[in-house]
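Proteins come first, then strands; the chains are lettered A, B, ... in the order of their sequence lines, and each starts at number 1.
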2 protein chains.
Amino acid sequence: MLGTQTKLEAILSDLEQAATLDGMQRVSEALREYYRVDHLVYHWVDSSGDQYGCGTYSDEWQQKYLQENYLRIDPVIQGCYQRFHPVDWKRLDWSSKAAREFLRVSGEYGVGNQGFSVPVRGPRGQFALFTINHSCDDEEWAVFTQDNRRDLILIAHYFNEKALEFEPDRQPEQQQALSPREVDAMTLLAIGYSRAQVANKLSISEHTLRVYIESARFKLGALNTTHAVARAMSRGLIVV
Amino acid sequence: MLGTQTKLEAILSDLEQAATLDGMQRVSEALREYYRVDHLVYHWVDSSGDQYGCGTYSDEWQQKYLQENYLRIDPVIQGCYQRFHPVDWKRLDWSSKAAREFLRVSGEYGVGNQGFSVPVRGPRGQFALFTINHSCDDEEWAVFTQDNRRDLILIAHYFNEKALEFEPDRQPEQQQALSPREVDAMTLLAIGYSRAQVANKLSISEHTLRVYIESARFKLGALNTTHAVARAMSRGLIVV
DNA sequence: TTCCCCCTCCCCAGAAATGGTGAGGTCAAC
DNA sequence: GTTGACCTCACCATTTCTGGGGAGGGGGAA
């Protein structure tokens with residue numbers, strides 16, 4: 001539609017004015033009213049495992065989610081993490097036991113059966129999710145998502161933009177680039193070689209290799225080799 | 001604005017119908033007409049350094065760009081790669097000698113002095129840029145970008161979505177899933193915990209933990225723990 | 001019911017990784 | 001022309017991981 005709604009305009013304008021996470025919270029609620037849906041959530045997942053966000057899910061559900069570490073089994077997260085584009089929850093994989101259990105529990109906490117989630121990404125592996133959620137039949141939901149898809153993409157974008165304003169520490173951590181040799185080392189480790197094999201592959205001594213791993217580890221703020229490789233990957237410094 | 005232009009609607013509808021890169025090319029040209037700007041480009045940069053895209057830059061400039069490997073010094077690429085949000089070219093860093101030289105040469109090839117670029121990201125380090133480019137004064141450009149910012153974000157999004165349709169190697173992977181415990185293990189290892197710490201965190205014995213790591217390693221076809229974590233990440237099985 | 005997967009626990013010995021420190025060379029930049 | 005980042009090599013002792021074993025209980029699926 002590329003929308004013609006002036007009321008939506010007003011809400012988005014409020015979002016642009018928002019100065020705190022609370023402000024975003026209020027915008028979430030306004031959007032929920034506007035769209036007449038059950039829930040609307042913005043959810044950030046950090047490369048260090050931190051999570052935060054805002055939205056209309058009940059406190060109980062949010063607490064339960066964190067407590068049970070549902071991040072690990074939530075098919076919405078799992079699915080969107082592998083996807084490029086917005087996705088309807090029906091198209092996700094709910095077949096695993098854990099997923100069905102998750103679905104059952106989430107229902108008990110008032111999460112609707114229909115959902116539409118927009119993944120948002122940034123540099124250094126930033127990942128966030130904007131979700132709109134409702135209880136209704138498939139047809140009604142199909143019409144809704146069809147009609148509002150574009151606006152939802154934009155809203156996701158603006159939520160993310162806003163969220164970043166409140167997290168200054170996420171931005172300026174200047175990308176500590178790895179040296180070519182460090183990249184080589186991280187890459188080969190990531191594809192399964194042992195230290196000895198990597199050293200051999202790079203035609204250097206294992207001692208030298210260790211220096212690279214150490215310096216990469218230091219630059220990445222990693223606690224061990226596996227962590228360093230994981231960080232290098234999630235920051236897009238190496239590609240495997 | 002969230003646009004009210006029905007002509008834009010028609011062009012985007014054409015984009016949705018496009019079945020080849022040529023189709024996108026024609027849409028680029030239609031959009032250039034529509035916005036009355038000099039150029040409009042979609043540029044994909046692959047994780048392995050491959051590039052492709054479509055747009056209205058002259059063949060000479062595209063060839064020159066590849067030949068000189070401008071990807072390395074282009075401040076638009078450099079800047080957007082580290083940024084979350086759309087950016088006006090004026091806000092980029094053109095101070096280096098290489099950047100100024102690049103600017104001069106690009107001008108000779110018909111690239112306008114004003115530009116607005118939208119970065120788009122996907123899983124596994126996919127990165128693309130949608131750029132609109134023109135020759136005019138700052139004020140006129142400010143008005144233009146102000147008015148069309150939202151539509152441009154959406155267009156960037158749709159170009160990317162379309163481009164992915166032509167890249168078959170991305171989608172069809174439905175492989176061995178990890179059990180929740182295995183996901184836990186992989187995730188905690190990825191964020192830097194040692195085996196002992198992970199076991200402690202999960203309140204299980206280290207022996208048990210090892211079973212999970214081993215079974216995850218087996219499922220992932222990995223040679224060691226680091227490899228397993230790397231594979232779990234690159235397959236999007238864990239979110240770090 | 002039986003089979004298979006998931007979760008949990010245990011032993012051992014050898015292989016590999018780690019953390020700290022030190023040293024010398026090149027090359028580009030300030 | 002010194003500084004700093006990068007690449008290369010070395011030794012030490014200690015911790016951690018790895019790769020084989022084996023075992024029992026629970027639950028879903030066929």
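Between A:I73 atom CD1 and C:dC6 atom P the separation is 15 Å, expressed in whole Å. The separation between B:E214 atom CD and C:dC9 atom P is 17 Å, rounded to whole Å. Rounded to whole Å, the distance from CD1 on B:I213 to C1' on C:dT8 is 15 Å. Atoms CG (A:L178) and P (D:dC6) sit 9 Å apart, rounded to a whole Å. Rounded to whole Å, the distance from CG on B:N224 to C1' on C:dA15 is 13 Å. The NE2 atom of B:H207 sits 13 Å away from the P atom of D:dC17 (whole-angstrom rounding). Atom-to-atom, CD of A:Q197 to C1' of C:dA17 comes out at 14 Å; the value is rounded to the nearest Å. Here D:dT18 presents its C1' atom at 17 Å from CZ of B:F218, a figure rounded to the nearest Å.
Listed pair A:K219 / D:dC6 meets the phosphate criterion, a side-chain N or O lying under 4.0 Å from OP1 or OP2. The shortest distance between the side-chain N/O atoms of B:S205 and the OP1/OP2 oxygens of C:dC9 is below 4.0 Å. OP1 or OP2 of C:dA17 has not a single side-chain nitrogen or oxygen of A:T225 nearer than 4.0 Å. Put simply, B:R210 has no side-chain N or O that comes within less than 4.0 Å of OP1 or OP2 on D:dT16.
Comparing C:dC7, C:dA17, C:dG19 by their nearest atom to the side chain of A:R195 picks out C:dA17. Taking only side-chain atoms of B:I204, from C-beta outward, the nucleotide of D:dA10, C:dC9, C:dT18 with the closest atom is C:dC9. Ranking C:dC9, C:dA17, D:dG20 by closeness to the B:T208 side chain, first place goes to C:dC9. Distances from the side chain of B:S179 to the nucleotides C:dC6, D:dG20, C:dA17 place C:dC6 closest. The listed nucleotides are D:dT8, C:dC7, C:dA17; the one nearest the side chain of A:Y212 is D:dT8.
Looking at B:R217, its side chain has no donor and acceptor atom pair within 3.5 Å of the base of D:dG19.
The pair A:R104-A:E108 counts as a salt bridge, with a side-chain nitrogen and a carboxylate oxygen less than 4.0 angstrom apart.
When heavy atoms are screened at a 4.0 angstrom cut-off, B:S215 is found touching no nucleic acid atom at all. As judged by a 4.0 angstrom heavy-atom cut-off over every strand, A:L223 is placed among residues touching the sugar-phosphate backbone only. No engagement by B:E182 is indicated, since no non-hydrogen atom pair under 4.0 Å with the nucleic acid exists.
Between the side chain of A:R83 and the backbone N or O of A:P119, no donor-acceptor pair lies under 3.5 Å.
No donor-acceptor contact under 3.5 angstrom links the side chains of A:E206 and A:N200, judged on distance only.
Looking only at side-chain heavy atoms (C-beta outward), A:V105 and A:K64 come within less than 4.5 Å of each other.
Residue-environment remark: CZ (B:F144) exceeds the threshold of 12 foreign heavy atoms within 6.0 Å.
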### Task
For A:L40 and A:F130, run side chain to side chain contact (heavy atoms under 4.5 Å, CB included): C-alpha distance rounded to whole Å, both residues' side-chain angles, the deciding distance at 0.1 Å, then the answer.
CA-CA 8 Å; A:L40 193 139; A:F130 175 79; 3.7 Å; yes
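Summary of the strand contacts: B:S203 and A:E206 both lie near DNA chain C, and taking for each the nucleotide with the nearest heavy atom, the more 5' one is attributed to B:S203.
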